[in-house]
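Inspection log for the structure reproduced underneath, given as structure tokens.
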Amino acid sequence: MSHNLDMSQLSIVDSDKNKKNTEGNKTVSAELTGDKNCRFNDNESSLTFLMLPPKMKRRLKALKKLQLQYTHLEAKFYEEVHKLECTFNKLYSELFDKRAEIISGKYEPSEDECTFLSNQTDDLPTELLEKMNLGSANRMDPESPGIPQFWLTIFKNVAMLNDMVQPHDEPILAHLQDIKVTFLEKDPMGFILEFYFSENAYFTNNVLSKQYDMKCLPDEQDPFSFEGPEIYKCKGCTINWKTGKDVTVKVVKKRQKHKSRGNTRTVTKLVKNDSFFNFFSPPVVKDGCEADLDEETQALLTSDFEIGHYIRERIVPNAVLYYTGEALDDEEEYDDDEGDEEEDEDSDEMSSESDNDSEIAYYHNKQDANNATNQSGAPAPECKQQ
């Protein structure tokens, strides 16, 4: 297994992982091998092991024990990598703070700071300009300070994030001024995403936060499945919405008819609404109950973990490249091979989606948002105020 110091191989916890490892194969009881840490599937290689002479079995168990020791050393390796990330994040932060000042217009870079050699030209050919509809970029005030709607543009450029953003979210995300990552070294090991907003008409928070906890220990029941640190839990924060501005709920009016009298009345109620800001209200999972989650909740959390890791690992470090689209070009080339194989499956899944407004997904993929029900739980921790 190769090790990347940027921990880009960080894995996402799936409570069905152990189930998938044995799916389609009957697990042979550990008693047959005499070793609770040696599990073999009922396939050709496992049967071959059971047919080996006793002395060879003993030697293979010794090799497995060495493998287990390696796995625990590998876990320590990843712990050291995380410590290194924590150290370097402090150095990165100086650059990111300067980036935020330029984006917000608080700092105007000097001519020397703007000298950058690249193969890009600053001006588009006239014939290309005539064919293109540049939208908001073409309507920008040339005298505007900083780079307006920098982060909103990134969200709209990146498909994973764009699927979460609804039209009513965009005026709010236009106030997003910075996204920062704070690393937690231990107890728990993890990271916090902090979204900084300018004063706006929607909520009073200056910062919205989302914490992701990770574990870096091999599973006692299946140690050889260990692939590095795993996100296993996340928690959001409370958004202090101003009156009538909460975009995560909507008012639904329904006419009800009395069964005996025949009278009708109009009833209004609040239901969950598709919004990026549901990102800060993930399903609440009690400690130790991860394996008992239903498939729907597990899918929502898995998606959440992937998005949180993506923002941490890709978006924050390379924000300008996602704004200009250069990072997107690299990802599109990488993803091309998978698209054809999954196209038919995706079509089948989309055709079976329901259209029930009362069923609101926590993850608002615009194509399948109405196929999941948001989970409720205990109140989330209060966001930081500045």
Identify the heavy atoms of [X] and [Y] that sit nearest to each other, and give their distance.
X: Pro148; Y: Gly146; answer: CD-O, 3.7 Å
X: Cys86; Y: Phe183; answer: SG-CB, 3.6 Å
X: Glu113; Y: Pro109; answer: OE1-CA, 3.3 Å
X: Phe305; Y: Cys234; answer: CE2-SG, 3.8 Å
X: Gln177; Y: Trp151; answer: O-NE1, 3.1 Å

Using 4.0 Å as the upper bound for N to carboxylate O, is an ion pair formed by [Y] and [X]?
X: Glu170; Y: Lys156; result: yes
X: Asp97; Y: Lys180; result: yes
X: Glu80; Y: Lys83; result: yes
X: Lys250; Y: Asp274; result: no

Hey, does the side chain of [X] reach the backbone of [Y] with a donor-acceptor pair shorter than 3.5 angstrom?
X: Ser225; Y: Asp222; result: yes
X: Asn200; Y: Phe203; result: yes
X: Asn89; Y: Val181; result: yes
X: Asp169; Y: Gln166; result: yes
X: Asn205; Y: Ile239; result: no

Strictly under 6.0 Å, is that where the ring centroids of [X] and [Y] end up?
X: Trp241; Y: Phe277; value: yes
X: Tyr232; Y: Tyr212; value: no
X: Phe280; Y: Phe195; value: yes

Exercise. Hey, mind stepping through Arg312 and Glu85 against salt bridge (Lys or Arg N to Asp or Glu O under 4.0 Å) and telling me if it holds?
Worked result: CA-CA 12 Å; Arg312 180 202 104 166; Glu85 275 197 311; 3.6 Å; yes
If you measure from [atom1] on [X] to [atom2] on [Y], what distance do you get to the nearest 0.5 Å?
X: Phe96; Y: Asp178; atom1: CZ; atom2: CG; answer: 9.5 Å
X: Asn157; Y: Leu321; atom1: CG; atom2: CG; answer: 12.0 Å
X: Asn162; Y: Phe276; atom1: CG; atom2: CZ; answer: 12.0 Å
X: His72; Y: Lys76; atom1: NE2; atom2: NZ; answer: 9.5 Å
X: Leu161; Y: Ile307; atom1: CG; atom2: CD1; answer: 7.0 Å
X: Ile103; Y: Phe150; atom1: CD1; atom2: CZ; answer: 4.0 Å

Distance-only side-chain donor-acceptor flag, [X] / [Y], under 3.5 Å:
X: Ser275; Y: Asn273; answer: no
X: Ser303; Y: Glu306; answer: no
X: Gln298; Y: Thr302; answer: yes
X: Ser281; Y: Asn278; answer: no
X: Tyr92; Y: Glu94; answer: no

Quick check: is [Y] connected to [X] through a chain of hydrophobic side chains (ILVMFWY, heavy atoms under 4.5 Å apart)?
X: Met189; Y: Leu217; answer: no
X: Val316; Y: Tyr310; answer: yes
X: Leu184; Y: Ile179; answer: no

For this session: Evaluate the side-chain contact (heavy atoms from CB on, under 4.5 Å) criterion for residues Lys210 and Lys235: first the C-alpha distance (whole Å), next the side-chain angles of each, then the deciding distance (0.1 Å), finally the verdict.
Result: CA-CA 6 Å; Lys210 183 81 170 281; Lys235 60 182 178 182; over 6 Å; no
Exercise. How about Lys242: does its NZ atom have over 12 heavy atoms from other parts shown lying under 6.0 Å from it?
Worked result: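 Count over threshold, so yes.
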Exercise. Just wondering, are more than 12 heavy atoms of other shown residues or ligands nearer than 6.0 Å to CD in Gln69?
Worked result: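 Enclosed.
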Exercise. With a cut-off of under 6.0 Å to the ring centre and 45° to the axis, is Lys98 in cation-pi contact with Tyr107?
Worked result: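 Yes, cation above the ring, under 6.0 Å and within 45°.
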For this session: Begin from the C-alpha positions of Val251 and Leu270 and carry the test side-chain contact (heavy atoms from CB on, under 4.5 Å) through to its verdict.
Result: CA-CA 5 Å; Val251 178; Leu270 291 177; 3.5 Å; yes
